[in-house]
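See structure below.
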Amino acid sequence: TSEETPNVDLITLTRHVLSDQLRLGSTATGDLTLLLTAIQVTSKFIATNVRKARLINLVGLAGETNVQGEEQKKLDVLSNDIMVNALRASGKTAVLVSEELDDAIIIEDGYKGKYCVVFDPLDGSSNIDAGVNIGTIFGIYRVRPDSTGTIEDVLRPGSEMVAAGYTMYGSSANLVLSTGSGVNGYTLDASLGEFILTHPNITIPSRGKIYSFNEGNAMYFHPPVTAYLKSIKFPAPPKSPYSARYIGSMVADVHRTLLYGGIFGYPNDKKSKSGKLRLLYEAFPMAYLTEQAGGIATTGTKRILDIVPTSIHERCPVFLGSKDDVQDLMKFYKETP
Ligand code: AHG
Ligand code: MN
Ligand code: MN
């Protein structure tokens, strides 16, 4: 027949996370599973809105009025509202930090749980109007013992996160998740409305052939970055130069780096003293996933996951990807003045 026999034993995200919890035995209460369920629902909802964006007036700036006189809602504001509502309603959260909100949300008593979620509801906003891949990034901490949930619970190193992930809204929606024992990728089957395990145990190749930097900032780059980029673009023969790929959505650039290898970088430079990417909800979750996939994530001189944040929206330089490639870069930081 022309039809292929369907797989009759689908591993959904929920099933996969649940089996993880069963493996952990009685110590696991199932709360993290429920929280991750809430997060996957927000991803499905955001994915739907991304797809419909052009039809239902989501493109454009918040606060603008369309020809019918209706207020337009920017996709990242909408995505933020979707996440805040769902995470609060899950009853599993205590503190929420969103790129879109100046202050952390401390969840009120009736809804309070024991997890803190830091998130970038819509990453890659400059790509929305062009229909290029965008995503959602999240990281999860458990409140410290005896804490009822304060900002201190999220001002902790990324290595203390209990889970991190992202969903990329592209030709399909892909959710990539780590709960601390490897990285798995799930693809949304739109007909089922379920994320299906399609990329079990993602591991980054130890070396890649792609570099991903916004070289439009080259005139501001510090010497180690300039020297490193020169070394991969003008290698000593018989080595071939690297290929450039830069989408400008961290989610999409990191997704490609996890699957194909290579190096993604957003350095600090003479203009952006701390770089551009946000530590809590961009650098930490992506660094967590990178390390869990066998790669390295560094500021150039120190491990990203070791940084202790002092404020929720602070920035940090980011280089991540294949072990050998990132080590090459780090050598330039050691050797170049
Ligand atoms: P956001 O859309 O959440 O503000 O994040 C944009 C970030 C990140 O996705 C990307 O890696 C970077 O900004 C791109 O910056 P440039 O346009 O400066 O290259
Ligand atoms: Mn972002
Ligand atoms: Mn964003």
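One-based numbering, in listed order, for ligands and for the atoms of each. Bear in mind that the values here come from a model prediction, so they are computed numbers and not experimental data. If you read the sequence from its start, that first residue is 1, and numbering goes on from there.
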Glu282: numbered ligand 1 atoms lying under 4.0 Å from its heavy atoms = 3 (O), 5 (O)
Atoms of ligand 1 close to Asp120 [distance to a heavy atom under 4.0 angstrom, numbered from 1] = 3 (O)
Gly124 neighbourhood, listing ligand 1 atoms whose heavy-atom distance to it stays under 4.0 Å = 1 (P), 2 (O), 3 (O), 5 (O), 9 (O)
ask   = Under 3.5 Å, side chain of His313 to main-chain N/O of Asp102, donor-acceptor pair present?
value = yes
ask   = Among side-chain atoms of Asp324 and Ser322, is any donor-acceptor pair under 3.5 angstrom?
value = no
ask   = Tell me: protein heavy atom nearest atom 18 (O) of ligand 1, and distance?
value = Tyr266 OH, 2.6 Å
request  = Assess Leu122 for proximity to ligand 1: is some non-hydrogen atom of it under 4.0 Å away?
outcome  = yes
inquiry  = Between Lys331 and Glu335, does any side-chain N to carboxylate O distance fall below 4.0 Å?
reply    = no
task = Check Val251, Leu122, Ile247 against Asn127 for a side chain to side chain contact (heavy atoms under 4.5 Å, CB included) and give me the one that passes.
result = Ile247
message = Show, in sequence, the C-alpha distance, side-chain angles and deciding distance for Tyr166 and His255, and conclude whether the side chain to side chain donor-acceptor pair (under 3.5 Å) test is met.
response = CA-CA 9 Å; Tyr166 61 80; His255 188 66; 2.7 Å; yes
query = Which protein heavy atom lies closest to atom 5 (O) of ligand 1, and at what distance to 0.1 Å?
reply = Asp123 OD1, 3.1 Å
ask   = Which ligand 1 atoms, with their elements, are less than 4.0 angstrom from a heavy-atom of Asn214?
value = 16 (P), 18 (O), 19 (O)
task = Distance to 0.1 Å, residue and atom name: give those for the protein heavy atom nearest to atom 19 (O) of ligand 1.
result = Tyr246 OH, 2.5 Å
request  = State, with a plain yes or no, whether a side-chain heavy atom of Ile11 is found less than 4.5 Å away from one of Tyr186.
outcome  = no
query = Going by distance only, is there an N or O of Ser125 that falls short of 3.5 Å from an N or O of ligand 1?
reply = yes
inquiry  = Can you give me the closest heavy-atom contact between Phe319 and Gly300, atom names plus distance?
reply    = CD1-N, 3.7 Å
request  = List every atom of ligand 1 that sits less than 4.0 Å from any heavy atom of Ser249, numbering the atoms from 1 in the order shown and giving each element.
outcome  = 9 (O)
task = Would you check if there is a donor-acceptor pair between the side chains of Ser79 and Asp81 at a distance under 3.5 Å?
result = no
query = If hydrogens are left out, which of Met250, Glu99, Met286 has an atom nearest to atom 11 (O) of ligand 1, that is, the closest non-hydrogen atom?
reply = Met250
ask   = With the Mn ion (ligand 3) at the apex, how many degrees lie between OE1 of Glu99 and O of Leu122, rounded to 10 degrees?
value = 160°
request  = For atom 10 (C) of ligand 1, find the nearest protein heavy atom and state the residue, atom name and distance (0.1 Å precision).
outcome  = Gly248 O, 3.4 Å
ask   = Which is the closest N/O/S atom of Glu282 when seen from the Mn ion (ligand 2)?
value = OE2
ask   = So Thr136 and Tyr169, side chain to side chain donor-acceptor pair (under 3.5 Å) or not? Walk me through it.
value = CA-CA 8 Å; Thr136 297; Tyr169 313 108; 2.6 Å; yes
query = Any idea which protein heavy atom is nearest atom 13 (O) of ligand 1, and the distance to it?
reply = Lys276 NZ, 3.0 Å
Exceeds 12 heavy-atom contacts within 6.0 angstrom, atom NZ of Lys270 = yes
ask   = Which atoms of ligand 1 are found less than 4.0 Å from any heavy atom of Leu277?
value = 7 (C), 8 (C), 11 (O)
inquiry  = Please report, to 10°, the angle around the Mn ion (ligand 2) from atom OD2 (Asp120) across to atom OD1 (Asp123).
reply    = 100°
inquiry  = Do Tyr141 and Val162 have side chains that approach each other closer than 4.5 Å (heavy atoms only, starting at C-beta)?
reply    = no
